[in-house]
Amino acid sequence: MGKPLRVLLVEDSEDDAVLLLRALARDGYQPTCTRVDNAPAMRAALAEGGWDIVLSDYNMPRFSAEAALGILRETGLDLPFIILSGVVQAEDVVALLKRGAHDFLHKDSLARLVPAVERELRDSESRRQCAAAEQRVRLLTLAVEQSPVSVAVTDRLGRIYYTNPKFEAVSGYGLGETKGRLFTFLATEPVSDQKLRVMWETIGAGQEWRGEFCNRRKDGKIFWEHVTIAPLKDQAGVLSHFVVVKEDITARRDYEEKLLHHANYDEVTNLPNRVLMLDRLYQSITLARRQNRQTAVLHVDLDRFKTVNDIFGHSAGDELLRVAAGRLIACVHEGDTVARVGSDEFMIILPGVSSGRAAEKVANRVLVSFDRPFHINGQEVFVTASMGIALAPTDGDNQQVLLRNADLAMGQAKEHGRNQFRFFTAGINQRVHERLQIETALRGALGRGELRLHYQPIIDLCSGKVRTIEALLRWQRADGELLAPGQFIPVAEDTGLIVPIGEWVLASACAELRRLDRLGGPPLRVAVNVSPRQMRAGDFGSVVERVLEQTALDPARLELELTESVLMDDTSDSVRTIRKLNGLGVRLSIDDFGTGYSSLSYLQRYPFDTLKIDRSFISGVERDAHSTRLVETIIAMAHGLDLEVIAEGVETAAQMDMIREHDCDLAQGYHISRPVPVDALEAFLRTWDGG
Ligand code: C2E
Ligand code: MG
Ligand code: MG
């Protein structure tokens with residue numbers, strides 16, 4: 001079987017055509033052939049396509065090789081065109097060869113035909129391949145030139161040989177400036193030697209490398225690129241160039257950085273958050289262990305921040321937090337960490353300290369820095385900080401234990417009056433343990449009937465008569481111990497147990513007063529302490545209303561003692577409750593005056609009847625003139641607001657004389673009577689002669 005050959009034969013002689021095909025067949029071809037002898041037929045045949053070669057007679061009655069060649073050129077097809085003819089003038093042949101014919105053969109020497117066909121087919125194929133290659137190069141060049149990503153081509157040493165227009169657009173450097181430089185010349189980030197070494201090793205071994213670079217534009221702007229470096233090998237497989245393709249990923253990096261920041265930093269203060277703090281703490285503990293040093297953590301809790309937040313609003317609260325954060329940072333050294341770990345809680349980590357001294361120094365600095373007021377909405381506000389300090393590894397060698405212990409120590413600082421710091425000690429652990437036991441026992445105390453009320457008389461300083469009895473709670477524990485409120489009320493408040501307990505106190509005190517009524521004697525008032533937590537519980541007004549109804553007590557004989565913190569809480573239900581209580585006709589008194597915010601504007605705003613001066617002022621009057629002046633001022637001021645004044649904690653005759661001298665209305669204290677159970681109170685009432 002011969003090679004197939006599709007021949008377009010331009011020939012008027014059928015006989016010549018047969019001879020020709022026979023010659024081809026003889027030398028190994030299996031030709032199929034279409035014979036044309038005029039222009040339209042030629043055009044039609046070319047349009048059909050699929051030809052390998054055109055063999056054309058020189059001259060025909062209605063056609064010629066020249067015309068046929070012209071038609072072939074028109075179509076743009078690059079087919080071998082061989083002229084076969086009888087005798088022809090040499091110059092005519094040359095003219096046709098010049099116009100694109102590929103060869104000329106004499107009809108008499110057909111032996112040359114097949115070699116000529118073969119050569120022309122070969123030439124044609126290589127011409128075709130060349131054109132295709134050129135076309136591809138053109139396309140690739142265009143692709144690189146117009147590529148949406150930066151492309152650089154370098155030599156084997158990474159020196160730039162070509163950069164595309166996008167490279168210039170992104171970096172600001174044109175080819176004139178980049179040529180000959182190392183392709184890493186834009187990198188600004190202190191690229192680690194390790195990263196560069198790995199890169200060179202990888203590409204040097206003929207492998208692709210991908211990575212990210214932080215670069216600087218010609219105008220100084222920083223941008224990020226994802227870089228792919230691919231080695232180029234020549235035909236022999238030898239590495240000759242590198243192609244560097246770079247994609248601008250600044251937007252993605254920005255976004256990632258924002259996400260990372262969001263995950264690790266607090267939005268309000270821009271300090272590290274709990275997540276980052278835990279990480280830093282872990283690092284510090286590990287490093288300190290290796291260096292035989294300690295890590296100190298200070299748990300900082302802002303005192304009364306929630307009150308400020310409630311009164312001034314959240315944006316003012318945020319502003320305060322920012323200022324507080326700034327002050328905390330100013331208290332530590334570089335390398336220490338200040339983190340915000342809760343709404344008003346901060347954590348300071350001091351890595352690698354040699355003792356607790358460093359933590360103590362920082363804590364003292366914090367206390368001093370919170371001595372200054374914060375300016376919120378044009379007002380001066382004082383917010384202090386309570387701190388707990390724990391050291392690793394002594395107080396715990398992992399984050400959890402260390403943080404818990406710092407927290408416990410902080411709780412102790414709060415309990416001891418805030419605005420101070422405490423180191424964690426084993427004793428604290430013990431106390432926390434006890435507190436937990438109190439909580440458990442207190443939950444059942446009401447049901448087991450372990451709660452008692454003691455009463456302390458309050459006398460009128462003019463007449464000397466008992467005017468009021470204050471109900472004070474006691475807890476008679478199963479083991480016989482009698483607990484004062486200071487030992488369990490904070491727990492009751494924290495757990496919410498104060499709500500049912502407070503209700504019991506109110507009902508019991510009112511019922512007891514009615515019982516005393518039946519024994520005769522002048523009608524007394526009863527004073528009942530109310531915790532802020534009860535005021536916030538919502539329906540305290542209704543509770544009081546119900547108790548008054550059930551005991552048929554004249555509301556004017558019930559005096560509810562509130563603390564100043566309730567007044568600060570004026571965004572909550574407390575205000576509504578106060579109004580409701582006032583509407584019921586019960587008396588309201590402000591307890592422990594002088595220990596809280598002591599703001600006159602609050603007293604003016606709410607319907608109080610009585611002000612109780614805290615006993616710390618009364619105990620001071622014998623010692624210093626300053627306290628005496630304060631007591632004098634408070635009494636005068638309270639009278640100015642139409643408030644009755646009670647002096648609490650009167651323990652001596654001298655104190656009694658002093659407050660009487662300054663027109664105080666009422667007095668309460670050990671000098672008159674301690675708080676006592678109700679039968680002892682009855683005995684007191686019978687024998688009391690007015691002092
Ligand atoms: P408070 O309302 O200011 O009560 C006066 C406290 O001062 C009582 O302490 C009383 O025993 C004490 N005291 C009275 N006179 C003197 C004195 O001359 N010298 C000294 N050193 N102390 C005197 P107590 O009974 O331990 O109660 C402490 C606090 O517990 C009360 O302070 C009150 O805030 C709270 N509390 C007591 N009972 C209740 C209650 O039923 N409910 C609530 N929520 N709190 C209560
Ligand atoms: Mg009281
Ligand atoms: Mg008091």
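In each ligand, atom 1 is the first atom listed, and ligand 1 is the first ligand listed.
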Among [options], which residue places a heavy atom closest to [atom]?
atom	options	result
atom 5 (C) of ligand 1	R674, E648, R474	E648
atom 14 (C) of ligand 1	Q487, E561, Q456	Q456
atom 23 (C) of ligand 1	F488, Y670, W504	Y670
atom 41 (O) of ligand 1	V505, D592, L453, L562	V505

| F684 vs W688 aromatic rings, parallel, tilted or perpendicular, using cut-offs 30° and 60°? |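 If you compare the ring of F684 with that of W688, the planes turn out parallel.
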| field | Contact check, Q668 vs ligand 1, heavy-atom distance below 4.0 Å | value |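 Q668: no contact with ligand 1 (<4.0 Å).
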| Whether E470 lies under 4.0 Å from ligand 1, heavy atom |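 Judged by the 4.0 Å heavy-atom criterion, E470 does count as contacting ligand 1.
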| request: Apply salt bridge (Lys or Arg N to Asp or Glu O under 4.0 Å) to E439 and R435, showing your working. | output: CA-CA 6 Å; E439 185 184 327; R435 196 186 155 102; over 6 Å; no
| query | So is E493 polar-close to ligand 1, meaning N/O to N/O under 3.5 Å? | reply |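 In this structure, E493 places no N or O atom under 3.5 Å from an N or O of ligand 1.
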| Does any N, O or S atom of D592, backbone or side chain, fall under 2.8 Å from the Mg ion (ligand 2)? |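 It does not: D592 brings no N, O or S atom closer than 2.8 Å to the Mg ion (ligand 2).
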| task | Please name the atom of D591, restricted to N, O or S, that is closest to the Mg ion (ligand 2). | result |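 D591's closest N, O or S atom to the Mg ion (ligand 2) is named OD2.
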| Is R467 paired with E559 through a side-chain N to carboxylate O contact shorter than 4.0 Å? |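 Answer for the salt bridge query: no.
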